[in-house]
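Chain naming here is simple, since letters A, B, ... match the order of the sequence lines and numbering starts at 1 in each.
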There are 2 protein chains.
Amino acid sequence: MTRRETLNRAKVAAAALALVDAEGIEALTMRRLAGELGVEAMSLYNHVKNKTDLLDTLAEQVFASVERADPGLPWADRLRITVGNLYREFSRHPAVSKTLVGDQANPTSEAALRPAEDILEALFQAGFDEKAARQALIAVHALVFGTLALSTSGYTTPPRPAVHGLDVFRRAVDPARLPHFARLVATTDADSDPTEDFDHALNLLITGLVAAAPNTGHGTRGL
Amino acid sequence: MTRRETLNRAKVAAAALALVDAEGIEALTMRRLAGELGVEAMSLYNHVKNKTDLLDTLAEQVFASVERADPGLPWADRLRITVGNLYREFSRHPAVSKTLVGDQANPTSEAALRPAEDILEALFQAGFDEKAARQALIAVHALVFGTLALSTSGYTTPPRPAVHGLDVFRRAVDPARLPHFARLVATTDADSDPTEDFDHALNLLITGLVAAAPNTGHGTRGL
DNA sequence: ACCTGAACACCGTTCAAGT
DNA sequence: ACCTGAACACCGTTCAAGT
C-alpha cells in the first residue's frame, strides 16, 4: 500500500511497530505486514531472520528510546527517573510489553540492556551487593512490565487501548460474595490514572529500597 | 491415548493443565489436547466454548488452589502470606501466568477473584482508601505475575523450566560496555533462588506499604 | 541482491453427518 | 447428547524460480 522505493530492515521494523501500536500484537502477521509495505510476505525474510527476530527488534527499538537520567542526581532519584522513563516509553507500546512478558521477544543488544544497566548502576551506588541488586532489578522489571501487561486485562484501566478492562468485572462481581472487590470496582472510574498508579507503586518499592540501602542518596551514613 | 470412559469439562481442564505444565503453552493445541484424551479435536467443543474458555478455566483452577491466610493475623502478615501463596501456586504453573499477563486468559469467577478479595480485605483493614488499595493491589499483582512471566525469559533463573535464561546474556553482554550488568550475570548462578528473590521483593513493597498505612497491623496508632 | 508463486505443515473453528 | 470427517480461512516458513 505504501509502495516504498526499496525495503530495508529499518523500514520493516518501523512498519511493524506502527502496526502493533495501531491494532495490537495479533494484527502482526508476516502477510499483513508485507501488505502494509506493498510487498509479498516472503520478501520480509530478506530483512529479518524470522518472526522472533522481528519481535526482538521491536522491543529493542522501545528500549533504545528510553531517556537516561542525569548522572549527577542521588541514586534513589536516578532509579526513580530511569524506571519512570522505562514505564513511560513502554506504555506507548503496550503490545511490545506483552511480547516481553510472554517470552516472544528477548532482546540482548547493548541498546536493549542500557536501561537495566543504568538501574544496576544506581543500585550498586546505593551499596547493594550483587544478590540484593539482582533482587531489586527483578522487582523493578516485574513492576514495570507486569503493570503494563496487566493494565490491558485485569484490574485497572489501560492508558490508551480501546477496551475497558473493568467492564468484565463490573458485570461479573457479586458484592455479597466479594464485597471488597466490588467496592474497588464501584469506585475505580473516577480517579483512575494508570501512570499515577504506577508512580505510586514505584514509590512504595523505592521506600522499601531506601530503608534497606547501605548508602543513602545524599552522601554518607554510618553503618 | 488415555481413552477414558466418557469426557467432561473437568477432565478436559485437568488434561490441559497437565499438558501446559509438562510442555509449555505452545504445546496446548486443540488437536494435541484431543489426542492426549484419545479423541478428535472437535469433541472438545462439546465441553469448552472455545480455546479462550479453556485458558480461563486453567487460570481459575490455579487461583482456586491458592491457600487462604489465617484471618486472625495482622493485616501485613495476612497480605504477605496471601501473596506468597499466590506466587507459590502460580510458580507451579508458569505457563498459566503467561496467559494472564499475555491477556489470553481473563477469569472473572468468584474462585478466581478470591485471592484478590483477600488482599483487598487486608488493605482496607490497614486503613487504605479505595484508590490506595487499588494502587497496592496493582503493585502486588504486577510483582507476582511480572516476576513469574519474566523468570522464564529475562534476568533470572526460572524455578523449574529447562531453559536457563541467563545463558543468552552470558554470551551477549560486553563487560566493557555494560559493566554492572556483566557483574550481575557473572555472580548470579551461585545464590540464585527465584522464590527467595520474590520474597525479598515482596518484603520491600510491604515495607513501603506499612510505612504508608493509616493503621498498623498490631492494634492502633494515632494519626 | 531482492522479490515472488506455489507449496508444506500447521492452527482454531464450523458444519453436516453420524451414533 | 456426544463424537467425527471434511472443509474453511488462516498461520510461519521453505524452496525453486524469476529479475
Side-chain angles (χ1 to χ4, degrees), chain A residues 1-20 22-59 95-96 98-100 102-107 153, chain B residues 1-20 22-59 95-96 98-100 102-107 153:
Chain A
M1 195 162 271
T2 14
R3 78 195 88 169
R4 309 271 170 85
E5 300 280 332
T6 144
L7 218 52
N8 58 46
R9 191 180 167 88
K11 283 180 190 169
V12 171
L17 188 57
L19 183 56
V20 299
E23 304 187 31
I25 194 66
E26 64 279 0
L28 181 62
T29 71
M30 299 304 269
R31 285 170 173 88
R32 171 73 193 277
L33 175 59
E36 217 70 36
L37 289 160
V39 99
E40 295 302 313
M42 303 73 205
S43 306
L44 299 176
Y45 288 89
N46 290 309
H47 305 101
V48 295
K49 227 179 88 219
N50 47 39
K51 195 171 181 182
T52 299
D53 181 31
L54 179 61
L55 292 174
D56 279 349
T57 304
L58 289 192
V96 182
K98 284 202 203 137
T99 67
L100 285 174
D103 214 0
Q104 296 156 353
N106 211 352
S153 51
Chain B
M1 196 162 270
T2 13
R3 81 196 84 172
R4 309 271 171 85
E5 299 282 329
T6 145
L7 219 51
N8 59 46
R9 192 181 166 88
K11 282 178 189 171
V12 171
L17 188 56
L19 184 55
V20 299
E23 305 188 31
I25 194 68
E26 64 279 1
L28 182 62
T29 71
M30 300 303 270
R31 285 170 173 86
R32 171 72 195 278
L33 176 60
E36 218 70 37
L37 289 159
V39 101
E40 296 302 313
M42 302 73 205
S43 306
L44 299 176
Y45 288 89
N46 289 309
H47 305 100
V48 295
K49 227 179 90 216
N50 47 37
K51 194 171 181 181
T52 299
D53 182 30
L54 179 60
L55 292 174
D56 279 349
T57 303
L58 288 191
V96 181
K98 284 203 201 135
T99 67
L100 286 174
D103 214 359
Q104 296 156 351
N106 210 351
S153 51

Completion exercise
Among the nucleotides C/dC2, C/dA6, D/dA6, whichever has the atom closest to the side chain of A/Met42 is C/dA6

Handout entry: N/O (side chain, A/Ser43) to phosphate O (OP1/OP2, C/dC2) under 4.0 Å
Key = no

Problem - Rounded distance (Å) that lies between atom P of D/dC2 and atom CG of B/Asn8 - result: 10 Å

Handout entry: Nucleotide of D/dT4, C/dC3, C/dG12 approaching B/Met30 most closely (side-chain heavy atoms)
Key = C/dG12

Completion exercise
Side-chain contact check for B/Asn46: nearest option of C/dG12, D/dT4, D/dC11 is D/dT4

Completion exercise
Closest non-hydrogen contact found for B/Ala59 with B/Pro107 is CB-CG, 3.7 Å

Problem - Nearest-Å distance for atom pair CG/P, residues A/Leu28 and D/dC10 - result: 17 Å

Problem - Salt bridge B/Glu23-B/Arg32, side-chain N to carboxylate O under 4.0 Å - result: yes

Fill in the blank from the handout: Testing D/dG5, D/dC3, D/dG12 for proximity to the side chain of B/Leu7, the answer is D/dC3

Exercise for the section: In whole angstrom, give the distance that lies between atom NZ of B/Lys51 and atom C1' of D/dC11. Expected result: 12 Å

Practice task
Whole angstrom is fine here: how far is it from CG in A/Leu37 over to C1' in C/dC3?
Solution key: 13 Å

Problem - Between C/dG12 (P) and B/Gln104 (CD): distance, integer Å - result: 12 Å

Handout entry: Nearest-0.5 Å distance that lies between atom OG1 in A/Thr57 and atom CG in A/Asp53
Key = 4.5 Å

Problem - C/dA1 phosphate, OP1 or OP2, under 4.0 Å from A/His47 side-chain N/O - result: no

Problem - A/Asn50 or B/Arg31, whichever maps to the more 5' nucleotide of DNA chain D - result: B/Arg31

Completion exercise
Shortest non-hydrogen pair, B/Leu54 vs B/Ala16, comes out as CD1-CB, 4.0 Å

Practice task
Please check if the side chain of A/Asp56 supplies one atom and the backbone of A/Asn106 the other of a donor-acceptor pair under 3.5 Å.
Solution key: yes

Exercise for the section: Find the partner of D/dA16: check Watson-Crick (N1-N3 plus N6-O4 or O6-N4) and G-U wobble (N1-O2, O6-N3) distances, both under 3.5 Å, and reply none if neither fits. Expected result: C/dT4

Handout entry: Atom-pair distance (OH on B/Tyr45; P on C/dC11), nearest Å
Key = 12 Å

Practice task
Let me know the distance between NZ of B/Lys49 and C1' of C/dG12, rounded to the nearest Å.
Solution key: 14 Å

Exercise for the section: Any strand is fair game: report the nucleotide pairing with D/dA9 by Watson-Crick or G-U wobble, both distances under 3.5 Å, or none. Expected result: none

Practice task
Starting from P on C/dC11, measure out to CG on B/Leu44 and report it in whole angstrom.
Solution key: 13 Å

